[in-house]
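Report on the following structure.
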Amino acid sequence: MDVSQLQRSWVEFLTALFNEGFLDSQFNQLLQLQDESNPNFVAEVVTDFFHDSERLLNELTGVLDQQIVDFKKVDSHVHQLKGSSASIGVERVKNMCIAFKAFCEESNREGRCLRCLHQVKQEYFLVKDKLQTLFMLEQQIVAAGGSPPLM
């Protein structure tokens, strides 16, 4: 595939991520911060998000696995995940965290919190896979001698 085809694929894929609600305008702002002096800015920020999110998801799993659940800890972890999701524009994860926080306030471990944790994990791993695909496309563009188009 030539550079222009790769760039077109990248734009179409990114547009689909916005149209399907995976990403919001905050992600566009991240893209605008990337330039020749820091060509991997977005990938680095998103990779940090992946690491932090997986730590938080593991901690949430551990807290919810306890016989007596500390809902303040659950709420704190969900709040952190919601904030980091919002800061990079990962819309669907952020929205699931908003619902999760509401269930934490009800202290409903069995019925709602465990289901919400499962749904947050599903959304997180889905968007992670899609963003990794986007970054692979970006690497292919660079390897072919081009640069990702500006959105």
Side-chain angles (χ1 to χ4, degrees), residues 6-35 38-142 147-151:
L6 288 168
Q7 289 171 325
R8 209 170 17 262
S9 294
W10 186 87
V11 168
E12 289 169 1
F13 190 75
L14 183 60
T15 300
L17 292 178
F18 283 104
N19 291 341
E20 294 169 14
F22 286 102
L23 303 175
D24 65 20
S25 62
Q26 188 64 31
F27 193 82
N28 256 342
Q29 290 182 6
L30 273 182
L31 289 172
Q32 292 172 5
L33 295 172
Q34 185 164 290
D35 58 21
N38 197 356
N40 297 318
F41 176 75
V42 175
E44 290 169 3
V45 169
V46 171
T47 299
D48 287 345
F49 165 75
F50 291 157
H51 292 301
D52 290 343
S53 296
E54 287 178 28
R55 176 187 54 80
L56 287 167
L57 289 169
N58 287 333
E59 289 175 10
L60 274 165
T61 300
V63 172
L64 285 171
D65 281 345
Q66 298 299 312
Q67 191 68 27
I68 298 174
V69 175
D70 182 345
F71 284 99
K72 287 184 182 186
K73 274 188 184 177
V74 174
D75 185 66
S76 174
H77 294 324
V78 173
H79 183 76
Q80 289 176 48
L81 185 58
K82 181 186 81 140
S84 60
S85 299
S87 72
I88 69 162
V90 181
E91 180 76 8
R92 286 170 46 168
V93 173
K94 179 193 79 176
N95 289 341
M96 282 305 309
C97 287
I98 291 168
F100 199 164
K101 279 184 67 63
F103 296 133
C104 288
E105 291 169 8
E106 296 174 7
S107 300
N108 186 337
R109 177 185 172 268
E110 292 300 325
R112 307 273 178 137
C113 284
L114 290 174
R115 263 188 263 142
C116 252
L117 176 60
H118 179 71
Q119 290 173 320
V120 168
K121 284 180 177 181
Q122 280 185 310
E123 288 298 333
Y124 166 76
F125 286 111
L126 189 56
V127 77
K128 180 180 180 183
D129 182 58
K130 291 185 178 291
L131 287 172
Q132 287 175 328
T133 299
L134 183 71
F135 297 143
M136 281 188 350
L137 273 169
E138 198 170 293
Q139 290 172 350
Q140 291 173 356
I141 292 168
V142 171
S147 60
L150 298 174
M151 291 296 285

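Side-chain atoms of Asp75 do not come within 3.5 Å of backbone N or O of Phe71 as any donor-acceptor pair. Side-chain atoms of Arg92 come within 3.5 Å of backbone N or O of Glu20 as a donor-acceptor pair. Checking side-chain atoms of Gln7 against main-chain N and O of Pro148 turns up no donor-acceptor pair under 3.5 Å. Looking at Gln34, its side chain does come within 3.5 Å of a backbone N or O of Val42 through a donor-acceptor pair. Without hydrogens or angle criteria, Gln26 side chain to Val90 main chain gives no donor-acceptor distance under 3.5 Å. Proximity of a side-chain donor or acceptor of Gln29 to a complementary backbone N or O of Ser25 within less than 3.5 Å is not detected. Ser84 places a side-chain N or O within 3.5 Å of a backbone atom of Gln80 that can act as its donor or acceptor partner.
Using a 3.5 Å distance cut-off with no hydrogens or angles, the side chains of Ser53 and Lys128 do not pair a donor with an acceptor.
Of all non-hydrogen atoms in Val69 and Val74, the two that sit nearest each other are CG1-CG2, 3.8 Å. Nearest heavy atom pair, residue Glu91 against residue Gly21, reads CB-O, 3.3 Å. The two atoms that bring Val78 and Cys97 nearest to each other are CG1-O, 3.4 Å, heavy atoms only. The two residues Pro149 and Val11 come nearest to each other via the heavy atoms CG-CG2, 3.4 Å.
The CG atom of Asn95 sits 9.0 Å away from the CD atom of Glu123 when rounded to the nearest 0.5 Å. Between atom CD of residue Gln119 and atom NZ of residue Lys121 there is a gap of 12.5 Å, rounded to the nearest 0.5 Å. Phe13 contributes atom CZ, which lies 6.5 Å from atom CG of Leu134 (distance to the nearest 0.5 angstrom). One distance of note links OG of Ser76 with CG of Leu56; it measures 8.5 Å at 0.5 Å rounding. A distance of 4.5 Å separates CD in Glu59 from NE2 in His77, rounded to the nearest 0.5 Å. Here the CZ-CD distance, from Phe135 to Glu138, works out to 6.5 Å after rounding to the nearest 0.5 Å.
Within the 4.5 Å cutoff, side-chain heavy atoms of Leu23 are placed close to those of Leu131. Within the 4.5 Å cutoff, the side chain of Phe100 has no heavy atoms near those of the Leu81 side chain. Residues Asn28 and Phe18 meet the side-chain proximity criterion, which asks for heavy atoms closer than 4.5 Å. Side-chain contact between Asp129 and Phe125: absent, with no pair of heavy atoms (C-beta onward) separated by less than 4.5 Å. Leu14 places a side-chain heavy atom less than 4.5 Å from the side chain of Leu31.
The environment of NZ in Lys73 is sparse: at most 12 heavy-atom neighbours from other residues, nucleotides or ligands sit within 6.0 Å.
With sequence neighbours left out, Asp35 forms a side-chain hydrogen bond (donor to acceptor under 3.5 Å, both in side chains) with Ser37.
Glu12 and Arg8 are not joined by a salt bridge, as no carboxylate oxygen comes within less than 4.0 angstrom of a charged side-chain nitrogen.
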